[in-house]
Trainee: 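My questions will all concern the structure given below.
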Amino acid sequence: MIRPHGLRQVWGRLHVTARDLPLAVLLCALAFVPSMRGSGTDIGGVAERPYDAVAIAAIGLQAPALTLRRRWPTVCLTLVAAGFALDQLRGYHTVAGTALPLALLSSGAHLERYRRTTVAVLSVAYVLFVAELVRRGSGEPPAEFVSFYVAMCLLWGGGAWLRSTRIAEAERRHQVAGQTRAAERARIARELHDVVTHHVTAMVVQAEAARYLTAAPERLDEALTAVTDTGRRAVADLRHLLDLLNPDHGEGSRTPPVGRLLTLVEQTRRAGQPVEFTEKGTPAASTGSADLVAYRVVQEALTNALKYAHGQATSVLVRHSERDITVEVGTDGPGTRAVTSPGGRGLAGLRERVDVLGGEFEAGPRPGGGFAVRARIPTGSRA
């Protein structure tokens, strides 16, 4: 059994002319129903006459042409207008005349080129049509012809309004898509900055320390192993970021795995930075992007500590609650400055990330010396 949703999908995959076909068939069938004969549009007051071969031709020009109303609106409107004129001049007044307002509405909505020319040509054709009706002795007052013309213009204007609305919506979606792409590029750029800066800084510090351990082979081997491990982690993180460029990559993979903070702290310790790590509370069931932002705050703060206060005692405190994650990273010493990288990265980029999630961020010298980074990141946001 095919469900309604499946039917809509099948219908949407059909060619546009196939989707317009049922309306054309229905209108054509109604035109041949005996009780519906002569009940169509009557302009000009031409005496009614029974159907003949010309009547069938007039119906054939109007109803089937509606299958082209979105694919080839100009062709559709030309055929329908010709059939309508023949219908009225001959006095058939078929229900198929309903195709004219439909064709005008569709042409106003879907015609892309020569719109003004089309309106001008149709207006001239209408004047000639009215002149022929008057020549044949039409008893209709001029106001009737003017009213019919105004009604047709309103139908065209309605289609034009639909077209402008559709174009405006397409432009809005294009702008939103562009802004989304720009935000995603900026996010990935910040991720790359964080990963590369932290890991490369750790590798440089470890390599510098190894230069002074040539007399202690066992410690030299340990230092070189630390450099190797850091390089592997850098490659793994870069591969993770490159995976984000894959359209099939899931949202959930953006959050660092459980335990990454402890790994980050251990890596910093092996680079020669004494770090005291404390984690309190139970993480909320749904943290959205908060986990990732908290991880980046700790990573950037430790990177700055390695750069500007190498060897100074550093403390990392992470507190989890149902509403937020609080991060505090402090480093002893004469003072550590926050670095702002080009493009708003570094600590300035972290401030932007925290602000996007509705949190609070501050970084600056501590009153007793050293430098502190504090952030409160609300959980549950999927920004």
Side-chain angles (χ1 to χ4, degrees), residues 11-44 46 48-133 145 148-164 166:
W11 179 260
R13 287 195 293 266
L14 291 176
H15 194 274
V16 66
T17 54
R19 297 201 300 269
D20 288 332
L21 181 61
L23 177 62
V25 171
L26 176 62
L27 194 59
C28 189
L30 290 176
F32 287 101
V33 175
S35 60
M36 301 291 290
R37 292 186 180 183
S39 59
T41 306
D42 183 358
I43 179 173
V46 177
E48 184 178 343
R49 69 169 68 187
Y51 283 9
D52 53 19
V54 179
I56 296 175
I59 295 172
L61 284 172
Q62 296 177 90
L66 289 179
T67 59
L68 310 176
R69 65 188 185 92
R70 286 185 282 184
R71 178 69 172 177
W72 293 297
T74 304
V75 175
C76 171
L77 187 56
T78 301
L79 294 175
V80 170
F84 181 82
L86 184 61
D87 187 317
Q88 298 303 312
L89 291 172
R90 296 279 292 179
Y92 302 120
H93 310 308
T94 68
V95 178
T98 310
L100 181 62
L102 294 175
L104 282 167
L105 184 67
S106 298
S107 297
H110 300 288
L111 187 61
E112 299 294 338
R113 303 176 61 188
Y114 306 114
R115 295 175 61 85
R116 294 182 180 179
T117 303
T118 301
V119 172
V121 170
L122 288 175
S123 299
V124 172
Y126 182 73
V127 171
L128 297 177
F129 168 67
V130 172
E132 180 61 22
L133 287 175
F145 295 117
F148 185 81
Y149 179 77
V150 171
M152 296 300 102
C153 289
L154 290 176
L155 286 167
W156 175 277
W161 177 80
L162 291 174
R163 177 176 179 269
S164 63
R166 186 175 66 249

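Hydrogens, waters and symmetry mates play no part in the numbers below; they use all other heavy atoms, side chains included. No experiment lies behind these values; they were computed from the predicted model shown.
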Trainee: Please walk me through it: do F148 and T41 pass side chain to side chain contact (heavy atoms under 4.5 Å, CB included)?
Mentor: CA-CA 11 Å; F148 185 81; T41 306; 4.2 Å; yes

Trainee: Hey, could you give me the SG/CG distance between C28 and L23, rounded to the nearest 0.5 Å?
Mentor: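 Interatomic distance, C28 SG to L23 CG, rounded to 0.5 Å: 11.5 Å.
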
Trainee: Provide the closest heavy-atom pair for A103 versus C76 in the form atom of the first, atom of the second, distance.
Mentor: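 For A103 and C76, the tightest heavy-atom pair comes out as CB-SG, 4.0 Å.
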
Trainee: May I have the step-by-step check of side chain to side chain contact (heavy atoms under 4.5 Å, CB included) for V46 and R90, ending in yes or no?
Mentor: CA-CA 7 Å; V46 177; R90 296 279 292 179; over 6 Å; no

Trainee: Tell me the closest heavy-atom pair linking D42 and Q88, and the distance in Å.
Mentor: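 Taking every non-hydrogen atom into account, CA-OE1, 3.5 Å.
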
Trainee: Please examine the side chains of Y149 and V130, heavy atoms only from C-beta on, and report whether any two atoms are closer than 4.5 Å.
Mentor: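 No; the side chains remain at least 4.5 Å from each other.
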
Trainee: Identify the heavy atoms of P101 and L155 that sit nearest to each other, and give their distance.
Mentor: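 Of all heavy-atom pairs spanning P101 and L155, the closest is CB-CD1, 3.2 Å.
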
Trainee: Restricting to ring-ring contact (aromatic ring centres under 6.0 Å, His included), what partner residues turn up for F32, sequence neighbours left out?
Mentor: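 Counting only residues at least two positions away or on another chain, F32 forms no ring-ring contact (aromatic ring centres under 6.0 Å, His included).
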
Trainee: Using the side-chain hydrogen bond (donor to acceptor under 3.5 Å, both in side chains) rule, collect all pairs that involve residues 154-163, keeping only residues at least two apart or in two chains.
Mentor: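 side-chain hydrogen bond (donor to acceptor under 3.5 Å, both in side chains) check on residues 154-163 returns E112-R163.
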
Trainee: The test is side chain to side chain contact (heavy atoms under 4.5 Å, CB included); show your working for F129 and I43 and say whether it passes.
Mentor: CA-CA 11 Å; F129 168 67; I43 179 173; 4.2 Å; yes

Trainee: Would you mind listing every side-chain hydrogen bond (donor to acceptor under 3.5 Å, both in side chains) that reaches into residues 65-77, with sequence neighbours excluded?
Mentor: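 For residues 65-77, and leaving out neighbouring residues, the side-chain hydrogen bond (donor to acceptor under 3.5 Å, both in side chains) pairs sorted by first residue read D20-R69, D20-R70, R69-S106.
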
Trainee: From L79 CG over to L66 CG, what is the distance, rounded to the nearest 0.5 angstrom?
Mentor: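 These two atoms lie 10.0 Å from each other.
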
Trainee: Run the numbers on V119 and R116 for side chain to side chain contact (heavy atoms under 4.5 Å, CB included), then give the verdict.
Mentor: CA-CA 5 Å; V119 172; R116 294 182 180 179; 5.7 Å; no

Trainee: At what distance, to the nearest 0.5 angstrom, does CD of E48 lie from OH of Y92?
Mentor: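 Answer for the CD-OH pair, E48 versus Y92, is 11.5 Å.
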
Trainee: Which one of V95, T94, L100, L102 satisfies the side chain to side chain contact (heavy atoms under 4.5 Å, CB included) criterion with Q62?
Mentor: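 With Q62 as partner, V95, T94, L100, L102 yield a single side chain to side chain contact (heavy atoms under 4.5 Å, CB included), made by T94.
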
Trainee: If we ignore hydrogens and angles and just use 3.5 Å, is the side chain of D87 paired with the main-chain N or O of H93 as donor and acceptor?
Mentor: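 Yes, the answer is positive, given that a donor and an acceptor are paired below the 3.5 Å cut-off.
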
